[in-house]
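Below is one structure, written out as structure tokens; comments come after it.
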Amino acid sequence: MKWFEYGDEKISHREIMIAIPSMVIGVGILSLPRSIAGATTGSDGWISLLVIGVFFVLLTWIIAKIASSFPNQSFLSYTSLILTKPVAIVFTFLYTIVSIMIAAYEVREISNIAKQYLFDRTPVEVISLIFLLVVVYAVAGSRAGIFRLNMMFLPIIILVALAVFVFNLGWFRLGNLLPVFETSLSDYVKSFSTGITSYVGFGIILFYISLAEKPEKTPRFAVIGMGIPIVVYILLYITCLGVFGHSVTSNLLYPTIELAKEIDIPGGFFERVESVFFVIWIMAIFNTTVMALDIAILALSSIFKSKDKMRLILILSPLVYVVAMYPKDIEGIGVLGNIVGYSAIILTFTVTVLLGVVGKLRRVKQGD
Amino acid sequence: MSLGSLFKRNKKDTKDKKQNGDEDFSVEIVNNLDKNLDNLKKMLEEPNDLVIREFTIRHTNHRGALVIIDGLVDQDTVDNKILMRLQRVNERKDLPNDNKKLLDVIYQELISVSDIKKSKTLDDATNSLLYGNTIFYLEGIDTVLIMDTKGWESRSIEEPMSEPTIRGPREGFVENLRTNMVLIRRHIRDPNLRFKTHQIGRRSKKNLVVTYIEGVVHPDLVKEINRRLKTIDMDDAPESGFIEQWIEDSFISPFPQIMNTERPDRVAISLLEGKVAIILDGTPFVLVAPFNIGDALQSPEDYYERWTIGTLLRSLRYLAAFISIFAPALYIALISFHSGMIPSKLAFSIAATREGVPFPAFVEALLMGVTMELLREAGARLPKTIGQTIGIVGGLVIGDAAVQAGIVSPIMVIVVALTAIASFSLPAYSVAISFRMIRFGFMIAAAAFGLYGIILSYIMVNIHIVNLKSIGVPYSVPFAPSFISDWKDLVFRAPIQALTRRPQYLKTDDPESGNKGRQGS
């Protein structure tokens, strides 16, 4: 419909700014304080969160710079320009696999948490299935619709994170944060390796920049967008430590959700706020899953030049479901999470370095 | 037989059918008066409200005839402004003898009706006759005069029934197209206010007017609406709802994509925002497009009261929308899945009241919900005087008796009553009705999966909304795609002085609607 300028396949740089935190913030933060606190001493975990965050902000900026110098070109086409076609196809394919795994991990994790906090009898398979069906419904709509969903949900999610922080101020003990700056360098490195998995997802700009109206503006906005999860993570991490203390935080399965449990709404209006918190957090996880599946479809359709989105959805979503159902228990899910996190980070890092270095060496410019 | 001739023949066949198979029937006006009148009578089959007045024009021996449909015309105009002028031409005795010249004199000097035109076809004449015009035939001339004498009984301007406000103009639209146009013109005296006419209905041939302010509205919006209106092909459009359903973007959606209103002030506000209004003859409901979720919870009153009050009312409406969609679903979810979330004291008292209730919460909620809908429907259908009885019988008697009988719990009655009140407080009926509809969906989801089901349904509604469009404009605007400068007239209603821009999402040609800065003080 070109008569009214709401092009459905073009997105603004502001929408990219919203999409990145929507993608990054997912299930990771729910257990993140545990792993970070486990690796560091006292409240030093925020330093690792900040350092990793800044590193990824830099990476985001580089990716956005590279991708935006090829306006309106898909990941496959500009990667082929720089790294030859077969390599580009391999990378696009790898992205499809990683995206499917991200989606599967989110689906599985959400069902597990839902099982723990909301249901006792409903089987995980059913919980996952209906979640996945809603995801499929979103992906089947227009791509612009997905960005609009981000825009509708992200403010609610940030508001909820802030609410958790504000309502917990009453339980906050500064003494819990001590000692500070006592973590050894090797422990920092260990905490980096556990922390990076929570920042997975900024690689979406490699794909979505081809849809941007003004690609030259995107790097700046992508960086701002990447800043949002850092702030949210550090805020929630500090709150966790301040409320629970170091040893409790490192032993809770989902410290962030437990944080919501501590909230006591004045007047006892309703109890067990953690269920409400998790229920709203489902929106965040939903956005991550939708974009992961969408990237998988975008990547695959660029390889096969297929215009039939519905067919790809019908092929990929059962795959997501199968992968999601594969882990037997909570440890298996943790392993899946680690595999997903590391492979996504390594892939994005490799692609960025290759694109940057080879692009510089071969001096590939747009329109060649 | 070639294809071309087949086509021609078919065309002729249909024409014949229309003319009742009369062979020497002609669609042209001929020179013979008797023949002309005969043709007209045959075309309409001489209905008894067809009045043909034959007479001789005074001081000449020319015969003429006036044709009207009784009741559609203003008798006074026909008698005094037309007939009398033709029969008592005292001032001028030198009327020309020549037919043509005589008709010119009649056209230019004698008849004192402002809207008058000439025509040579019978189709034209009959159509305008059915619109309430008067036809004048003169012997020996193949031209008729069509004079505008419309004047039928119509309802006077009253306060709109479906959208009462406490403060604001009391005028509402009526069934008469012309009056409705006047009502809008009286709000906006801009020479750029445009009224473009379409004719709708194969048989009813109703007038439909598209209204907008040129220079404000995005031209493509008008083009698109006109394009969609041209595709309408049906016998009749008794109400603007037919038009709405024909041109809306998605017929599956539970949400109205075009606003309807009875209030001229609301239409005027919308036109000034850069929207387009569609007025159909014969109905007081005027359509306004495009429409979005932000508009769904607005009322013109928000602008008439001071901004603090306006803002408060709007937030109240968002709360009302929330309650009217979620309340019963939350009740079901809390009772059947997450009873741990209810504070223990309350949980005990709820458990105590639900002691004798034989049904699960979902059945209970469904029972009361359906009863509520029935009561509302009954209240709307009954005459006003009895309508109140229904309120008492339904609200007090059934509610109380149901609790006494132990069919439903008192908490359920509170929830249902709250939901009903909340949905009544929404300003647009069509929006309230769609919320009622999705409420039942939420209840089913809550019964199946508790809070998880509710949030997934909420996400689904959002997915639907972001993919929905109203005449090509995203329904979720201005939330997403976000137009931040439009947010000051969304939940929050900024002071009038700050509302200096028309909604950006409409991409108007003239974005400024006022000057910044306070006047006075």
Side-chain angles (χ1 to χ4, degrees), chain A residues 1-6 8 10-12 14-15 18 110-111 114-115 117-122 126-127 130-131 133-142 144-156 265 267-276 278-283 286-287 290, chain B residues 218-228 249 290 293 330 333-334 337-347 445 448-484 487 505-507:
Chain A
M1 295 203 180
K2 69 177 206 295
W3 47 268
F4 217 60
E5 301 137 34
Y6 284 105
D8 257 359
K10 282 284 162 199
I11 54 175
S12 72
R14 207 185 294 134
E15 281 172 308
I18 299 295
I110 203 177
S111 337
K115 176 113 176 128
Y117 286 95
L118 295 173
F119 302 107
D120 12 283
R121 288 185 301 267
T122 316
V126 177
I127 305 175
I130 58 166
F131 183 74
L133 286 178
V134 178
V135 168
V136 166
Y137 178 39
V139 176
S142 70
I146 294 173
F147 287 95
R148 288 178 200 147
L149 276 179
N150 291 335
M151 188 57 218
M152 307 270 265
F153 291 162
L154 190 71
I156 303 178
I265 290 185
F269 188 63
F270 58 95
E271 286 169 3
R272 293 188 57 183
V273 187
E274 82 274 13
S275 310
V276 178
F278 170 65
V279 160
I280 295 172
W281 209 258
I282 290 178
M283 292 189 205
F286 173 81
N287 277 342
V290 166
Chain B
H218 192 293
D220 286 353
L221 183 63
V222 180
K223 250 184 246 162
E224 175 64 14
I225 287 183
N226 281 330
R227 186 189 67 77
R228 292 191 191 187
D249 292 61
I293 28 171
L330 282 176
L334 287 184
F337 283 88
H338 320 285
S339 40
M341 285 178 68
I342 311 170
S344 24
K345 273 186 191 167
L346 186 61
F449 297 104
L451 278 180
Y452 188 65
I454 294 179
I455 194 73
L456 287 187
S457 319
Y458 174 72
I459 291 174
M460 275 176 71
V461 169
N462 271 294
I463 297 171
H464 173 69
I465 283 179
V466 296
N467 284 311
L468 187 62
K469 291 187 166 193
S470 163
I471 319 287
V473 180
Y475 205 67
S476 50
V477 97
F479 290 104
S482 45
F483 289 88
I484 290 163
W487 287 6
Y505 69 86
L506 286 168
K507 311 201 166 175

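Below, chains carry the letters A, B, ... as their sequence lines are ordered, and counting in each starts from 1.
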Does any backbone or side-chain atom of [X] lie under 4.5 Å from a heavy atom of chain B? Answer side chain, backbone, both or neither.
X        : result
A/Arg121 : neither
A/Val126 : side chain
A/Ile156 : side chain

Over all atoms of both residues, closest heavy-atom pair of [X] and [Y]:
X        : Y        : value
A/Met152 : B/Asn462 : CE-OD1, 3.1 Å
B/Ile463 : A/Ala138 : CD1-CB, 3.4 Å
A/Gly145 : B/Asn467 : CA-OD1, 3.9 Å
B/Ile455 : A/Val279 : CG1-O, 3.3 Å

Who pairs with A/Met151 by side-chain contact (heavy atoms from CB on, under 4.5 Å), at least two apart in sequence or on another chain?
-> A/Ile18, B/Ala480, B/Ser482, B/Trp487
Taking side-chain contact (heavy atoms from CB on, under 4.5 Å) as the test, write out the residues that go with A/Phe119, two or more places apart.
-> A/Ala114, A/Thr122, A/Ile127, B/Phe337, B/Phe449, B/Tyr452
B/Ser344 versus chain A, heavy atoms under 4.5 Å apart: side chain, backbone, both or neither?
-> both
For chain A, which of B/Gly340, B/Pro219, B/Gly450, B/Ala333 has the most heavy-atom pairs under 4.5 Å?
-> B/Gly340
Can you tell which of B/Val466, B/Ile465, B/Leu451 has the highest number of heavy-atom pairs within less than 4.5 Å of chain A?
-> B/Val466
Any side-chain heavy-atom pair from A/Ser275 and B/His338 closer than 4.5 angstrom?
-> no
Gap separating the CZ atom of A/Phe153 from the CD1 atom of B/Ile459, nearest 0.5 angstrom = 5.0 Å
Output for pair (A/Tyr137 OH, B/Leu456 CG), nearest 0.5 Å, gives 13.0 Å
Option that, when pairs with chain B are counted at under 4.5 Å, heavy atom only, ranks first among A/Val134, A/Asn150, A/Ile110 | A/Val134
